[in-house]
Novice: 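First, the structure itself, so that you have it in front of you.
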Amino acid sequence: MIAHSIFFYTFSIIAIISAIMVTVSKNTVHSVFFLILDFISISCLFIMIGAEFLGMIMLIVYVGAVAVLFLFVVMMLNVAQQKNKWFASEASSKHIPVGLIISTIIFVELIIVIGGWKYKPDLFDINNSLELAKVSNTHSLGQILYTDYIHIFQISGMILLVAMIGAIVLTFRKRVGVKTQSYIKQISRERSDGVSVLNVSSNKGVKIDD
Amino acid sequence: MEYLSILFDQIYKILFLLVPVLVSVAMVVWLDRRVWAFVQKRQGPNVVGPFGLLQTIADALKYIFKEIIIPSSSNKVIFILAPIVTMTLALIAWAVIPFSATQVLADINVGILYLFAVSSLGVYGIIMGGWASNSKYPFLGAIRSAAQMVSYEVSIGVIIINVLLCVGSLNLNDIVIAQQNLWFVIPLFPMFVIFFISALAETNRPPFDLPEAEAELVAGYQTEYSGMMYAMFWLGEYANILLMCAMGAILFLGGWLSPLEIYPFTLVPGPVWLVLKILLLFLLFALVKAIVPRYRYDQLMKLGWKVFLPLSLIWVVLTASYLFYFNLLPVN
């Protein structure tokens with residue numbers, strides 16, 4: 001048990017400190033790196049409570065894909081300087097009340113969720129979970145996700161798909177005059193398409209560009 | 001005291017895994033250069049030691065004694081962290097590779113997911129190195145490689161789903177045992193080909209070595225690195241290649257299983273078979289490097305997203321419906 005609690009406190013302290021550093025650090029790229037550290041330590045916590053599938057998915061999805069895109073955007077836009085300017089300007093004080101309201105709402109919601117668990121034990125069906133403990137984590141998740149919650153699962157998938165298509169539609173511009181490569185055109189091109197033999201009379205020449 | 005004994009036991013096991021991996025990385029660099037040379041009708045490294053086998057060790061020694069130069073305008077902490085991250089990630093993934101039914105450091109339930117997660121983290125070493133160098137060529141190389149690795153990971157993930165549909169477990173040993181009668185390379189051959197090509201792209205090997213294309217980007221993300229830090233990038237890259245070969249061997253070539261379950265083959269222990277299969281895949285990696293010219297970057301992205309991803313998705317549907325209609329789904 002001692003080793004277990006040592007690991008737990010190590011990971012949770014790292015998670016909390018890096019979460020604070022995300023908001024505090026001046027360099028935006030550093031913030032993203034701290035966010036990644038936060039994700040990793042939280043997935044370690046997931047693994048420690050026995051939810052190894054969730055922990056690995058957290059690593060693959062958040063660290064392996066989402067955070068890479070964050071880094072991409074932050075590095076390409078070079079927001080490091082903008083952020084500093086923004087903090088120094090007058091405009092930042094206007095946003096503080098909005099941020100406070102949002103964070104209070106999230107905090108209250110978290111308290112309600114945790115309170116619900118604490119005082120209404122049948123929300124979390126203990127007998128059922130014991131039964132599931134015999135099969136592996138992945139199996140039990142799949143059995144719940146694809147039977148009881150299949151519609152919610154499918155609908156959330158559809159929402160993600162719609163969001164993806166929407167993003168593509170919003171950013172897609174058809175530009176004219178752009179040279180694109182067509183493999184079929186290239187491969188199906190033959191000698192007769194490109195070369196023609198002309199009888200050029202002397203001192204007259206030939207027009208080639210029409 | 002009990003904790004200490006567990007700790008020492010584990011450290012002993014880890015060393016017994018890591019030292020052979022590091023030695024074989026050194027040998028494999030030599031093999032790579034030799035194969036490359038033979039294809040081009042050269043000799044390759046053949047001076048240091050028997051057949052030049054100690055060439056890599058000589059190179060590594062040279063790197064150790066060279067000065068480490070840290071550019072003054074770089075972000076020093078991240079600059080130093082980048083090669084460490086690459087090397088560490090390339091080595092920790094070996095923890096779940098099963099060398100036989102019992103010889104595995106961590107026999108975890110989600111072994112294949114762990115492998116996939118660690119290989120998807122590999123992009124960070126490159127991005128960190130490229131960004132922290134604070135120079136144009138490394139940054140371009142880092143951005144190229146991040147885009148490339150993220151896109152090819154998607155198709156590798158879908159290919160893994162194909163295999164998992166046939167196995168019904170995420171445990172690597174279960175995946176190997178499921179191939180006792182038939183290696184997955186036979187029913188899933190197109191997926192094996194796509195996996196191999198995606199592995200080439202994922203490890204930034206030629207013909208997909210755009211992140212370090214010498215002709216365009218000097219050396220890509222490792223331009224500013226020198227001495228031991230460069231050597232760590234380089235060794236980490238080869239350890240990653242070996243890891244992808246091991247992944248291919250486990251997913252498609254039956255891992256530590258012998259090709260035929262008859263007398264002379266069963267005498268050879270499992271780890272030997274796994275190593276032979278890894279070497280076979282590595283030989284293919286080395287040959288591809290020697291005989292295929294480099295891709296253009298837009299064609300590389302097109303190949304990943306417009307060819308491999310749809311193909312592997314279609315194959316998932318095919319595999320799933322085949323298993324469903326012939327009642328072969330592995331349900332327990």
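FYI, side chains are in, hydrogens and waters are out, and symmetry mates aren't considered; it's all heavy atoms of this structure. All chains are named by letter (A, B, ...) in the order of the sequence lines, taking the proteins before the strands, and each is independently numbered beginning at 1.
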Novice: Indicate yes or no for a side-chain donor-acceptor contact from B:Tyr124 to the backbone of A:Phe33 under 3.5 Å, with no hydrogens or angles considered.
Specialist: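 Side chain of B:Tyr124 to backbone of A:Phe33: no pair is present.
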Novice: Among pairs that include at least one residue of residues 153-173 of chain A, which meet ring-ring contact (aromatic ring centres under 6.0 Å, His included), considering only residues two or more places apart or in two chains?
Specialist: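 Non-adjacent pairs meeting ring-ring contact (aromatic ring centres under 6.0 Å, His included): A:Tyr146-A:Phe153.
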Novice: For B:Ala142, which atoms come within 4.5 Å of any heavy atom of chain A: side chain, backbone, both, or neither?
Specialist: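 Interface part for B:Ala142: neither.
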Novice: Let me know if B:Leu170 has heavy atoms under 4.5 Å from chain A in its side chain, its backbone, both or neither.
Specialist: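 Just its side chain gets close to chain A.
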Novice: Would the number of heavy atoms belonging to other residues, nucleotides or ligands and lying under 6.0 Å from CZ of B:Phe233 be above 12?
Specialist: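 Yes - once you tally the heavy atoms of other residues, nucleotides and ligands closer than 6.0 Å, there are more than 12.
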Novice: Just verifying a value: how many Å separate B:Leu113 CG and A:Ile60 CD1, rounded to the nearest 0.5 Å?
Specialist: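 Reported value, rounded in 0.5 Å steps: 4.5 Å.
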Novice: So which atom in A:Gly64 and which in B:Val150 form the shortest heavy-atom distance, rounded to 0.1 Å?
Specialist: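 The answer is O-CG2, 4.3 Å.
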Novice: With rounding to the nearest 0.5 Å, note down the distance linking CG in B:Leu164 to OG1 in A:Thr138.
Specialist: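 Those atoms lie 9.5 Å apart.
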Novice: If the contact rule is any heavy atom under 4.5 Å from chain A, which residues of residues 72-93 of chain B qualify, in numerical order?
Specialist: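 Heavy-atom contacts from residues 72-93 of chain B to chain A are B:Asn75, B:Ile78.
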Novice: Without placing hydrogens or testing angles, list every side-chain donor-acceptor pair under 3.5 Å for residues 5-14 of chain B, not counting sequence neighbours.
Specialist:
residue, atom, partner, partner atom, Å
B:Ser5, OG, B:Glu2, O, 2.7

Novice: Does atom CD (A:Glu190) have a neighbourhood of more than 12 heavy atoms from anything else shown, all under 6.0 Å?
Specialist: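 Not more than 12 within 6.0 Å, no.
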Novice: At a heavy-atom distance under 4.5 Å, which candidate from B:Ser119, B:Ser169, B:Ser120, B:Ala117 has the highest pair count against chain A?
Specialist: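 Most pairs with chain A among the choices: B:Ala117.
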Novice: Which atoms of A:Phe72 are under 4.5 Å from chain B, going by heavy atoms: the side chain, the backbone, both sets, or neither?
Specialist: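 Looking at A:Phe72, just its side chain touches chain B.
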Novice: If you count every heavy atom of other residues, nucleotides or ligands that lies below 6.0 Å from A:Phe39 atom CZ, does the total exceed 12?
Specialist: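 Yes, the 6.0 Å shell around CZ holds more than 12 heavy atoms from other groups.
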Novice: Step through the shown structure and confirm whether more than 12 heavy atoms of other residues, nucleotides or ligands are within 6.0 Å of CG on A:Leu161.
Specialist: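 Buried by this count: over 12 neighbours within 6.0 Å.
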Novice: Any salt bridge (Lys or Arg N to Asp or Glu O under 4.0 Å) involving residues 296-308 of chain B? Give me the pairs, sequence neighbours left out, ordered by first then second residue.
Specialist: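 For residues 296-308 of chain B, and leaving out neighbouring residues, the salt bridge (Lys or Arg N to Asp or Glu O under 4.0 Å) pairs sorted by first residue read B:Arg296-B:Asp298.
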Novice: Would you say A:Tyr62 has more than 12 foreign heavy atoms packed within less than 6.0 Å of its OH?
Specialist: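 No, the 6.0 Å shell around OH holds no more than 12 heavy atoms from other groups.
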Novice: Identify which part of A:Ile36 has an atom lying under 4.5 Å from any heavy atom of chain B, answering side chain, backbone, both or neither.
Specialist: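 The side chain, not the backbone.
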Novice: Quick check on B:Leu121 against chain A: is it the side chain, the backbone, both or neither that has a heavy atom closer than 4.5 Å?
Specialist: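 B:Leu121 touches chain A through side-chain heavy atoms alone.
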